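First comes the structure, then the notes that go with it.
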Amino acid sequence: MADQSIQDIIPDNDQTRARHEHLNSLRQLVGNVYPNKFTRSQVVEPGHEDTITAIGARFRAYEPTIAEGDKPTPEEIEKANQELNKVTVRLAGRIAAPPRVMGKAAFVHLSDGAGRLQVYVRKADVKAVNNDTGALIEEEGKGWELFGLLDHGDFIGAEGYLFVTRTGELSVHVQTLQFLAKALLPLPDKMHGINDPELRQRQRYVDLIAGSLKLDREEGELTPREVFERRSAIIRELRGYLEEHGYIEVETPMLTPLATGAAAKPFETYHNALGIPLYARIAPELYLKRLLVGGFEKVYELNRNFRNEGISSRHNPEFTMLEFYWAYADVNQMMDFCEEMIRTTVMKAVGDTKVRFGEHEFAFSQPFRRLSMREAIATSWRLRFQYCQSAVEIVDEWFDDGKRIAFLAQFLKLLGLASLDPVMEQAFIGAERQKYLNQEFAFAWENARTYQELTDSRGQQASAVAEDLLYLFEELAEPTLIQPTFIYDYPKPISPLSKASPTDPTVAERFELFIAGMEWANGFSELNDPAEQFQRFNDQVQQRERGDEEAMVMDEDYIRALSYGMPPAAGIGIGIDRFTMLLTNRQSIRDVILFPHLRPERKREETEDPPTSE
RNA sequence: GGGCCGAUAGCUCAGUCGGUAGAGCAACUGGCUUUUAACCAGUGGGUCGCAGGUUCGAGUCCUGCUCGGCUCACCA
């Protein structure tokens with residue numbers, strides 16, 4: 001470690017050598033090459049420093065309106081410049097592209113990360129600032145010399161007056177130039193930016209720079225910066241909506257003695273002073289409900305959860321969750337509230353209720369569909385097996401019958417959906433294909449009959465039926481739920497923290513929101529009977545003992561809290577990362593998390609070690 | 001963890017049947033005082049992810065490994 005060199009980080013090649021040489025020459029010319037500040041003008045709004053974006057927004061209206069490929073007339077330019085030339089600005093930014101030098105004058109674009117503005121530098125009248133004294137270097141040609149030592153990516157400050165060029169672009173005619181900071185590493189290609197997803201995620205700073213400097217942008221495509229600005233807007237709007245409706249934000253422990261509130265494997269750590277293991281929380285749920293016991297009627301928490309599970313395009317080990325609880329409300333009121341909150345957030349954060357996500361477009365202005373889980377399975381069964389004669393004879397009542405549910409789950413496992421996807425192929429289905437599907441169906445059906453004894457006994461166990469129902473739902477229905485749809489009436493055994501329905505004791509008052517075949521929110525009427533909660537925890541503990549690592553553990557303090565009385569309440573969790581994916585049209589969670597988890601980079605020295613045999 | 005695909009100049013990418021490593025952008029030198037993917041002329045730049053193997057000869061074929069992408073399983 002001690003013999004690490006900066007050369008391991010900044011490689012020695014023609015690009016970096018040129019930049020180092022420029023930096024050394026700049027040091028001779030202006031002194032301190034890492035000055036402490038640059039004071040910008042306040043032309044647009046007194047009290048606020050001018051940014052490149054702000055100057056562009058304020059003065060771009062002076063650009064003559066011209067057709068594509070045309071140039072404005074000298075009269076139009078003269079008219080704009082009469083006003084613009086009176087405005088002197090001091091701006092700072094990053095050099096957004098290699099300077100275009102034409103002998104004794106040059107153009108270059110500056111970027112503030114969001115917007116860009118062109119500056120014009122002329123050998124005859126540009127002056128450099130000495131960074132040690134802060135004074136202008138009066139010697140002839142020094143400003144132009146400084147300009148010549150600038151590279152794509154450097155930060156500079158510039159003072160000058162506004163004008164429009166012969167082609168009609170708003171620009172700054174620079175009179176004084178101050179060097180602010182060097183980009184010693186070369187920036188990505190100005191046209192293509194950076195494509196390697198590994199580089200983009202590992203070095204998000206480069207991704208953000210490249211996205212803002214890239215010239216070749218597709219229409220409607222969000223830059224990485226815009227994705228994260230939208231993420232921020234989504235979070236801001238959700239908070240605002242909840243605050244408006246009387247919720248208060250709370251912070252509950254991230255490090256907890258028990259990993260509770262969800263079914264997941266936790267990260268474990270150790271507290272030295274207490275001498276106990278601690279777990280990174282997998283959900284704040286049980287703490288938030290303790291606050292309902294404590295008398296808060298509306299609470300929310302918007303923060304990170306941690307789960308020690310796989311990493312994929314939809315899973316990051318730490319992810320952001322919004323959870324909130326509403327005393328005296330039930331699951332139906334929560335669905336209404338959730339729907340309106342999402343509709344409002346989409347409208348405010350995206351600026352439109354129409355959202356495109358991959359091949360789908362959603363109209364959030366429309367009421368969300370609502371289906372019970374059984375209705376959803378029955379509907380999708382008819383849709384997916386519409387070309388199988390024997391399948392359409394199955395009626396909805398089958399999905400209320402435990403033995404038949406167990407049988408259908410067995411049948412579906414034997415059939416396998418890989419060979420049969422009528423949803424995808426219904427448009428192209430032919431007579432031969434239909435005949436084949438019917439044969440496959442009949443074969444799997446007969447095959448499933450040989451398991452009937454097993455499925456009949458399975459059908460008498462509530463938890464097994466719950467699993468089979470969920471299996472049918474996930475296999476058949478989930479992929480068909482494209483437009484926003486609430487699914488309600490979840491089997492009770494898979495919902496250990498939710499209250500049973502008053503009309504059907506086998507189902508929980510629980511719902512999930514599906515969009516584009518994926519789950520986006522999970523809410524329920526909260527179980528507040530300590531005796532029943534104790535029993536449900538015990539069931540979970542038994543499942544855990546049977547080897548289910550993700551079954552919940554007993555939380556005695558939570559039972560004690562409920563024993564002081566918790567008001568009836570509804571609660572919900574919404575995954576913010578996935579919600580951001582939906583509203584920014586990103587297919588990977590890594591595109592909406594600034595620094596997603598990746599395997600650590602291996603240094604070359606380490607790879608030279610002989611591989612350990614394992 | 002399984003399957004499929006990928007890694008070549010700073011960036012984006014070609015590289016045919018196994019026969020001296022290529023382009024555009026970027027960099028460097030010269031020219032050019034309103035350009036805009038500026039232009040014109042020239043120059044330099046490579047551990048072909050890593051380690052083995054086959055071969056007279058490997059970017060190319062084989063094996064192992066590393067990292068990444070997609071996908072399946074688990075999950076939000």
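Since the structure is predicted, the reported quantities are computational estimates derived from the model, not experimental observations. Chain naming here is simple, since letters A, B, ... match the order of the sequence lines and numbering starts at 1 in each.
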What's [X] touching, base or sugar-phosphate or nothing? Going by heavy atoms closer than 4.0 Å.
X	value
A:H22	sugar-phosphate
A:H109	base
A:L185	nothing
A:R307	base

Tell me which nucleotide, if any, is Watson-Crick or G-U wobble paired with [N] when both distances must be under 3.5 Å.
N	result
B:G44	none
B:C13	B:G22
B:U54	none

Taking [atom1] from [X] and [atom2] from [N], how many angstroms apart are they, rounded to a whole number?
X	N	atom1	atom2	answer
A:H152	B:A27	NE2	P	9 Å
A:F147	B:U33	CZ	C1'	13 Å
A:Q201	B:C67	CD	P	15 Å
A:L23	B:A27	CG	C1'	16 Å
A:M191	B:G24	CE	C1'	11 Å
A:K71	B:A38	NZ	P	15 Å
A:D548	B:C74	CG	C1'	11 Å
A:I95	B:A26	CD1	C1'	15 Å

Options [options], nucleotide nearest the side-chain atoms of [X]:
X	options	answer
A:L598	B:C25, B:U35, B:G68	B:G68
A:T165	B:A27, B:A38, B:U34	B:U34
A:A18	B:C74, B:G68, B:C28	B:C28
A:R166	B:U34, B:A38, B:C28	B:U34

Quantified in whole Å, what is the [atom1] atom distance between nucleotide [N] and nucleotide [M]?
N	M	atom1	answer
B:G59	B:U16	C1'	13 Å
B:G6	B:C74	C1'	26 Å
B:U33	B:A14	P	40 Å
B:U8	B:G69	P	15 Å
B:U34	B:C50	P	48 Å
B:C5	B:A9	P	23 Å
B:G15	B:A7	C1'	15 Å
B:A21	B:A58	P	11 Å

Going by distance alone, is a donor N or O of one side chain under 3.5 Å from an acceptor N or O of the other, for [X] and [Y]?
X	Y	value
A:R281	A:N305	yes
A:E512	A:Y490	yes
A:T73	A:E76	yes
A:H173	A:N85	no

So that I can tick it off, tell me whether [Y] and [X] are bridged by a salt bridge, with the cut-off set at under 4.0 angstrom between side-chain N and carboxylate O.
X	Y	value
A:D591	A:R586	no
A:E21	A:R17	no
A:D489	A:R510	no

| said: Let me spell it out: for each of A:Y120 and A:E318, pick the nucleotide of RNA chain B with the closest heavy atom. Which residue's pick is nearer the 5' end? | reply: A:Y120
| note | Judged by nearest nucleotide, the residue sitting upstream toward the 5' end of RNA chain B, A:D577 or A:A97, is A:A97
Are [X] and [N] close enough that a side-chain N or O sits under 4.0 Å from OP1 or OP2?
X	N	answer
A:S312	B:U71	no
A:R200	B:G69	no
A:K265	B:C74	no
A:K190	B:A38	yes
A:R202	B:G68	yes

| said: Going by the rule side chain to side chain contact (heavy atoms under 4.5 Å, CB included), which residues pair with A:D189 if we only count those two or more places apart in sequence or in a different chain? | reply: A:M191, A:H192
| said: Checking A:K492 now: which residues fulfil side chain to side chain contact (heavy atoms under 4.5 Å, CB included) with it, not counting sequence neighbours? | reply: A:A500, A:E532, A:R536
| query | Reading nucleotides 5-15 of chain B from the 5' end, what letters show protein touch, with B for base, S for backbone sugar-phosphate only, - for no heavy atom under 4.0 Å? | reply | -----BBSS--
| request: Go through residues 99-107 of chain A and report each residue with a non-hydrogen atom lying under 4.0 Å from RNA chain B, sorted by number. | output: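 Nucleic-acid contacts, sorted: A:R100, A:V101, A:M102, A:G103, A:K104, A:A105, A:F107.
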Show me the side-chain donor-acceptor pairs of residues 93-109 of chain A shorter than 3.5 Å, one per line, residues at least two apart or across chains.
from: A:R94; atom 1: NH1; to: A:G153; atom 2: O; distance (Å): 2.8
from: A:R100; atom 1: NH2; to: A:Q118; atom 2: OE1; distance (Å): 3.0
from: A:H109; atom 1: NE2; to: A:E169; atom 2: OE2; distance (Å): 2.8

| Qualifying residue for ring pair (Phe, Tyr, Trp, His ring centres under 6.0 Å) with A:F514, from A:F368, A:F473, A:W520 |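 By the ring pair (Phe, Tyr, Trp, His ring centres under 6.0 Å) criterion, A:F514 pairs with just one of A:F368, A:F473, A:W520: A:F473.
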| said: Once ring-ring contact (aromatic ring centres under 6.0 Å, His included) is applied, do any residues pair with A:F319, and if so which ones, sequence neighbours excluded? | reply: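 Partners of A:F319 by the ring-ring contact (aromatic ring centres under 6.0 Å, His included) criterion come out as none, since no residue qualifies.
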| Is there a donor and acceptor pair, one atom on the side chain of A:Q118 and one on the base of B:U35, closer than 3.5 Å? |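 Yes, the side chain and the base share a sub-3.5 Å donor-acceptor pair.
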